[in-house]
Amino acid sequence: EVQLVESGGGLVQPGGSLRLSCAASGFTFSSHHMSWVRQAPGKALERVSAINFAGDRTSYADSVKGRFTISRDNAKNTLYLQMNSLKPEDTAVYYCARGWGTSGIILRDEYDYWGQGTQVTVSS
């Protein structure tokens, strides 16, 4: 019943921008914290950002602070990640996940629901 569907990934040059979206359904979206988590090639899962249920508290990984912005539209049941000044090291599969999680390296079972992921590739 619960579904999280990411979109907006793709290939972009260094310094470029992308906006990821996560469409949520099957639960009361406005009652849950949400996160973006990524997995780069050969590396562990890393929490990129989190946002609380109301959208007035956020958290960011040091590596993306000042470049990425997490937001949500509870009326549309949608989570967003605006990604600016992209770097090659941002290349990863980006996942939408339900929950706040913890900073840094994480395990999949820290979240109860996950999207399928969307590929972001930053390359010249």
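From a predicted model like this one, the values you see are computed outputs, not experimental measurements.
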Problem set entry | Side chain proximity check, T91 to Q119, heavy atoms < 4.5 angstrom | yes

For this session: Kindly indicate whether the side chain of Y111, heavy atoms from C-beta on, has any atom under 4.5 Å from the side chain of V37.
Result: yes

Exercise. Would you say the side chain of I106 lies within less than 4.5 Å of the side chain of E46, judging by non-hydrogen atoms?
Worked result: no

Problem set entry | Single-linkage hydrophobic cluster V12~Y80, side-chain heavy atoms < 4.5 angstrom | no

Exercise. Do S85 and R67 come close enough that some side-chain heavy atom pair is under 4.5 Å?
Worked result: yes

For this session: Taking all non-hydrogen atoms of both residues into account, name the closest pair between Q39 and K43 and its distance.
Result: NE2-O, 3.1 Å

Problem set entry | Nearest-0.5 Å distance that lies between atom OG in S25 and atom CD in Q3 | 4.5 Å

For this session: Evaluate the criterion side chain to side chain contact (heavy atoms under 4.5 Å, CB included) for residue pair M83 and S17; output intermediate values, then yes/no.
Result: CA-CA 5 Å; M83 309 165 67; S17 297; over 6 Å; no

For this session: Report yes if some heavy atom in the side chain of P88 is under 4.5 Å from a heavy atom in the side chain of P14; otherwise report no.
Result: yes

For this session: Report the C-alpha distance between F27 and N77 in whole Å, list the side-chain angles of each, state the deciding distance to 0.1 Å, and finish with yes or no for side chain to side chain contact (heavy atoms under 4.5 Å, CB included).
Result: CA-CA 9 Å; F27 67 100; N77 291 340; over 6 Å; no

Exercise. Around atom CZ of R108, are there more than 12 heavy atoms of other residues, nucleotides or ligands at under 6.0 Å?
Worked result: yes

Exercise. Has the side chain of S63 got a donor or acceptor atom that lies under 3.5 Å from a matching backbone atom of A61?
Worked result: no

Exercise. Do we get R47 above W36's six-membered ring, with its NZ or CZ under 6.0 Å from the centre and within 45° of the axis?
Worked result: no

Problem set entry | Side chain proximity check, I105 to L45, heavy atoms < 4.5 angstrom | no

Exercise. Is a side-chain donor or acceptor of S35 paired with a backbone partner of G99 at a separation under 3.5 angstrom?
Worked result: yes

Problem set entry | Full working for side chain to side chain donor-acceptor pair (under 3.5 Å) between S71 and Q82 | CA-CA 8 Å; S71 62; Q82 180 66 47; over 6 Å; no

For this session: Please examine the side chains of Y60 and I70, heavy atoms only from C-beta on, and report whether any two atoms are closer than 4.5 Å.
Result: yes

Problem set entry | S59 vs W100 side-chain heavy atoms within contact, under 4.5 Å | yes

For this session: Using the side chain to side chain contact (heavy atoms under 4.5 Å, CB included) rule, take F53 and S31 through it: C-alpha gap first, then chi angles, then the decisive distance, then the call.
Result: CA-CA 5 Å; F53 68 97; S31 295; 5.8 Å; no

Seminar exercise, completed: Tightest non-hydrogen contact, residues A54 and N74, listed as CA-ND2, 4.5 Å

Problem set entry | Distance-minimising heavy-atom pair for D112 and R98 | OD2-NH2, 2.7 Å

Problem set entry | Carboxylate-amine/guanidinium contact D62 K65, below 4.0 Å | yes

Exercise. Taking F68 as the fixed residue, which of L18, L20, L86, N84 is the one that meets the side chain to side chain contact (heavy atoms under 4.5 Å, CB included) rule?
Worked result: L86

For this session: List the steps, then state whether side chain to side chain contact (heavy atoms under 4.5 Å, CB included) holds for M34 with R72.
Result: CA-CA 9 Å; M34 299 294 296; R72 65 193 297 162; 3.9 Å; yes

Problem set entry | Spacing of OG belonging to S124 relative to CG belonging to L11, to within rounding of 0.5 Å | 10.0 Å

Problem set entry | Test: R38 cationic atom under 6.0 Å from Y95 six-membered ring centre, within 45° of axis | no

For this session: Report yes or no: does E6 contribute a side-chain atom to a donor-acceptor pair with the main-chain N or O of G117 at less than 3.5 Å?
Result: yes

Exercise. D73 and F29: which non-hydrogen atoms are nearest, and at how many Å?
Worked result: O-CE2, 4.1 Å

